Amino acid sequence: MSGAVRRFEPRPHASTRLFCFPHAGGAASGYRAWAPLLPHDVELVALQYPGREDRLADPLETTMSGLVTHLADAVEPLLDRPYALFGHSMGAAVAYEVALELRRRQAPAPVRLFASGHEGPGRARGGTVHLSDDEALAAELARLGGSGSHLLDDPELRALMLPIIRNDYRLIETYRPAASRPLDCPIIALRGTGDHDVTDADARAWAEVTTAGCEVLALPGGHFYLLPERERLVRAVVARLHAETPRSPMTTTETNPFTEDFRDDYMYVAEIYDLLSNSHWEQIRHHLVGALENVDPSYGPVVDLGAGTGQATHVVGATLPDAQIIATEPSSAMRIALINKLANNPDLKRRVTVLPSLAQHAELPDRICAVTAFGMMGYLTEADRKELFRKLAERMPPGAPIVMELMALSSPQEMVPARIAREQLGEHTYEVWMRGEPGGPGTMRYASSFTITRRGKVVKRMYVEQEWFTFGIEELEAESGMRGHKLTNEIIVLTR
C-alpha cells in the first residue's frame, strides 16, 4: 500500500506543519493550491485516503476507526515540530479522530484543530445518502457544489467515482463519536455563511470537545466555500497558526449578550495597535479637539464608541477635563490595553467607565453631551446605524456633536496594497500593509498584514480580514436626520 502523505512543496526547515484532510470523495490534490499561499515557515502535508487518485489500487477503508489508524500511522513520524490539523466536511471529523488517536499514542498534541464544514462531534447526525441510488447520490453532490461534481457527467468517471463517494458517505453517516476526554488544543470551527447543512450552532458545538477555547469563523459561500474563498481561508488559517491564542475555556463560556456575536479580530494585533497607530493619531488629534471645544460636559457624559486602546478616550479626557466618559469596546484584547492605560492615569481612572459592549447594544446614559466613534462605524449594518442614531439623538442636546472616523471610501472599489505604518521598537521592526476589494453590494473587504521582523528575520506574521460597510456623509445624514460636516475625507461631525 502506498503512503498517505503528500508534500506538494517540501519545506524541511519549516517551523510548523499543517496536515490537511479531504472531504468525502475528495483527495489530497484538493489542497495542492494551498501550498504556494502558505508562508515558508509552514509546510503543507495533505493526506491521501486509500482508493483514490494515485492510490486507486488500494482498498477503501470502510470504517472511521480503520481510516484513522491508517492516517495516524502516516502522521506520527512527522510530529517532530509544532503542527496543526485542518479537515473539511468529513475531513473535519477525521482530523478530530486523528487528534484523539495521537493522544492515545501519547504523541505531541496539535497546536490547533481547524474543523471546517462539519457539525461538532456531539451533533453528529448520521444520514442515509449512502443508501440512495446513483442518481440521488450525484444530485446530492451537485447540490453541495463541490469542485468535482461536474465530473460525474462523464460515464466512465462516474463509474469510477461513485463507489468511492458512496463509501465515504457510508463511513461518515455511520460514524458515531465515542465519548472522549476533551482535547486541550484550541479549535477553530469554520463554515460558509450560506451553508444550510452546517449552522452557526453546529459550528459552535465544537467548543464542547476542547478545554482550550473555540473560535467560530464564517466566510462567504456554501458548503464548499473553501474553493472560491481559498486565499482568504488560507490567510485566516495562517493568522491563527501564528497567533498566540489564550489556552482558556473562557473563550467559549463567556455569554455576555453584548459581545457573544463579536468576532474578535483585534485579539491578534492588540499588542502592537498603539505602536502602529500613534502617528495617525498625531495627525488627526487636533480635529477631534476642535470638534469638542464647545461641548458642555455638565449635560452628561461623553460616549466613546469602539474605544479600542483608548486613543480617542485620552484626547477627550484632556480636552474636557471635567467630563465623565463612557467607553465601549467589545474586543477583550483591546480592553486589556485600554484598562491598563487608564489604571496608570489617576485622572482618567476616576472619570472613565469601560463597557464590554458592541456599540449598538451599549447601555447608554440618559443624557449625553458628545459622542466619538473612531474606526468602528463601518462594522454596523444600516439598520444598526439607524437604531444607534435614534438612541443617541434622544439623549443629546441640539448642537452636540457625533464625531466619526470613516474609511475614505464611500463605495466599494479596489484598493491596491499599501504600507500604512512602519515602526521600530528595540531590535524589532513592525509593519502593517493593507489592501481592499469590493466584498459585495455596499461592502469592502479589507486585508491587513502585520509583520514583526528582527535582524531581517520574520518573528511573527499576522493576517486580519474585515468586512466594512461603505457609505458617505449623505447616507449618514439621511439615516440620522442630522446635519453633517466634513473635517477631513475621513472625519465627519453630525449635529442636530
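All figures in this text were calculated on a predicted structure; none of them were measured in a lab. We count residues from 1, following the sequence as given.
Applying the salt bridge (charged side-chain N to carboxylate O under 4.0 Å, His left out) definition to pairs two or more places apart or across chains, those involving residues 13-33 are Arg17-Glu43, Arg17-Asp80. Contacts classified as ring pair (Phe, Tyr, Trp, His ring centres under 6.0 Å) and involving residues 41-63 (residues at least two apart or in different chains) are not found.
Leu113 and Ala95 make their closest contact through CD1-CB, 3.8 Å (heavy atoms, listed as atom of the first residue, atom of the second, distance).
The CZ atom of Arg6 sits 10.0 Å away from atom OG of Ser29, with the distance rounded to the nearest 0.5 Å. Atom CD of Glu229 is separated from atom CG of Leu190 by 12.0 Å, given to the nearest 0.5 angstrom. Distance check: Ile164 CD1 to Asp168 CG gives 8.0 Å after rounding to the nearest 0.5 Å. A distance of 10.0 Å separates CG of Leu171 from CG of Leu60, quoted to the nearest 0.5 Å. Going from atom OG1 of Thr16 over to atom CZ of Arg112 covers 10.0 Å, rounded to the nearest 0.5 Å. Summarising the geometry, atom CG belonging to Leu358 is positioned 8.5 Å from atom CE belonging to Met376; distances are rounded to the nearest 0.5 Å.
Side-chain contact annotation: Glu363 with Ser357, donor-acceptor N/O pair under 3.5 Å absent. Side-chain atoms of Ser89 and His23 include no donor-acceptor pair closer than 3.5 Å. Under 3.5 Å, the side chains of Thr211 and Asp184 contain no donor-acceptor pair of N or O atoms. Side-chain polar atoms of Glu61 and Asn167 form no donor-acceptor pair below 3.5 angstrom. Side-chain atoms of Tyr225 and Ser116 include a donor-acceptor pair closer than 3.5 Å. Side-chain N/O atoms of Glu431 and Thr451 include no donor and acceptor closer than 3.5 Å.
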*Step by step, work out the ring pair (Phe, Tyr, Trp, His ring centres under 6.0 Å) result for His223 and His88.*
CA-CA 9 Å; His223 187 68; His88 179 67; 5.1 Å; yes
*List the steps, then state whether side-chain contact (heavy atoms from CB on, under 4.5 Å) holds for Tyr430 with Thr453.*
CA-CA 7 Å; Tyr430 300 80; Thr453 57; over 6 Å; no
*Report the C-alpha distance between Tyr169 and Thr174 in whole Å, list the side-chain angles of each, state the deciding distance to 0.1 Å, and finish with yes or no for side-chain contact (heavy atoms from CB on, under 4.5 Å).*
CA-CA 8 Å; Tyr169 266 86; Thr174 58; over 6 Å; no
_For a ring pair (Phe, Tyr, Trp, His ring centres under 6.0 Å) check, start with the C-alpha distance between Trp206 and Tyr96, then their side-chain angles and the critical distance, and finish with the verdict._
CA-CA 10 Å; Trp206 282 96; Tyr96 166 67; 5.8 Å; yes
*Trace of the side-chain contact (heavy atoms from CB on, under 4.5 Å) decision for His428 with Glu423*: CA-CA 9 Å; His428 285 166; Glu423 295 289 344; over 6 Å; no
*side-chain hydrogen bond (donor to acceptor under 3.5 Å, both in side chains) between Tyr175 and Glu97: does it pass, once the steps are laid out?*
CA-CA 11 Å; Tyr175 163 60; Glu97 290 292 338; 2.6 Å; yes
*Output, in order, the C-alpha distance, side-chain angles, deciding distance and verdict of side-chain contact (heavy atoms from CB on, under 4.5 Å) for Val238 and Leu37.*
CA-CA 10 Å; Val238 171; Leu37 300 177; over 6 Å; no
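In this structure, Arg104 places its CZ atom where more than 12 heavy-atom neighbours from other residues, nucleotides or ligands lie under 6.0 Å away. Atom OH of Tyr273 is surrounded by 12 or fewer heavy atoms from other residues, nucleotides or ligands within 6.0 Å. When the shell of 6.0 Å around CD of Gln106 is examined, it contains 12 or fewer heavy atoms from other residues, nucleotides or ligands.
Using a 30° and 60° split on the angle between ring planes, Tyr31 and Phe86 fall in the perpendicular class, above 60°. Ring geometry, Tyr446 versus Trp468: the interplanar angle exceeds 60°, so the pair is classed perpendicular (tilted spans 30 to 60°).
Remark: Thr63 engages Ser65 in a side chain to side chain contact (heavy atoms under 4.5 Å, CB included) (not counting sequence neighbours). Considering only residues two or more places apart in sequence or on other chains, Glu427 meets the side chain to side chain contact (heavy atoms under 4.5 Å, CB included) condition with Arg454, Arg455. By the salt bridge (Lys or Arg N to Asp or Glu O under 4.0 Å) test, Arg105 is found to be paired with Asp73, Glu76, Glu101, residues two or more places apart in sequence or in another chain being considered. Among residues two or more places apart in sequence or in another chain, the side chain to side chain contact (heavy atoms under 4.5 Å, CB included) test is passed with His40 by Arg11.
Using modelled atom types, one side-chain atom of Gln48 and one backbone atom of Ala28 make a donor-acceptor pair closer than 3.5 Å. The backbone N or O of Cys185 lies less than 3.5 Å from a partner atom in the side chain of Thr210, making a donor-acceptor pair. Side-chain atoms of Arg191 come within 3.5 Å of backbone atoms of Asp195 as a donor-acceptor pair (strictly under, hydrogens ignored). A donor-acceptor distance shorter than 3.5 angstrom exists from the side chain of Thr199 to the backbone of Asp202, with no hydrogens or angles considered. With hydrogens and angles disregarded, no donor-acceptor distance shorter than 3.5 Å links the side chain of Arg419 to the backbone of Trp433. The closest donor-acceptor contact from the side chain of Tyr83 to the backbone of Pro108 lies under 3.5 Å. In this structure, Glu414 contributes its side chain and Glu437 its backbone to no donor-acceptor pair below 3.5 Å. Glu53 contributes no side-chain N or O that, together with a main-chain N or O of Arg55, makes up a donor-acceptor pair within less than 3.5 Å. In this structure, Thr328 contributes its side chain and Leu355 its backbone to no donor-acceptor pair below 3.5 Å. At least one donor-acceptor pair under 3.5 Å links the side chain of Asp304 to the backbone N or O of Thr313.
Taking the ring centre of Phe471 as origin, the terminal cationic atom of Arg385 falls inside the region bounded by 6.0 Å and 45° from the ring axis.
With salt bridges taken as basic N to acidic carboxylate O contacts below 4.0 Å, none links Arg166 and Glu173. A salt bridge is absent between Asp58 and Arg52: the closest approach of a Lys/Arg side-chain nitrogen to an acidic carboxylate oxygen does not fall below 4.0 angstrom.
Within the 4.5 Å cutoff, the side chain of Val45 has no heavy atoms near those of the Cys20 side chain.
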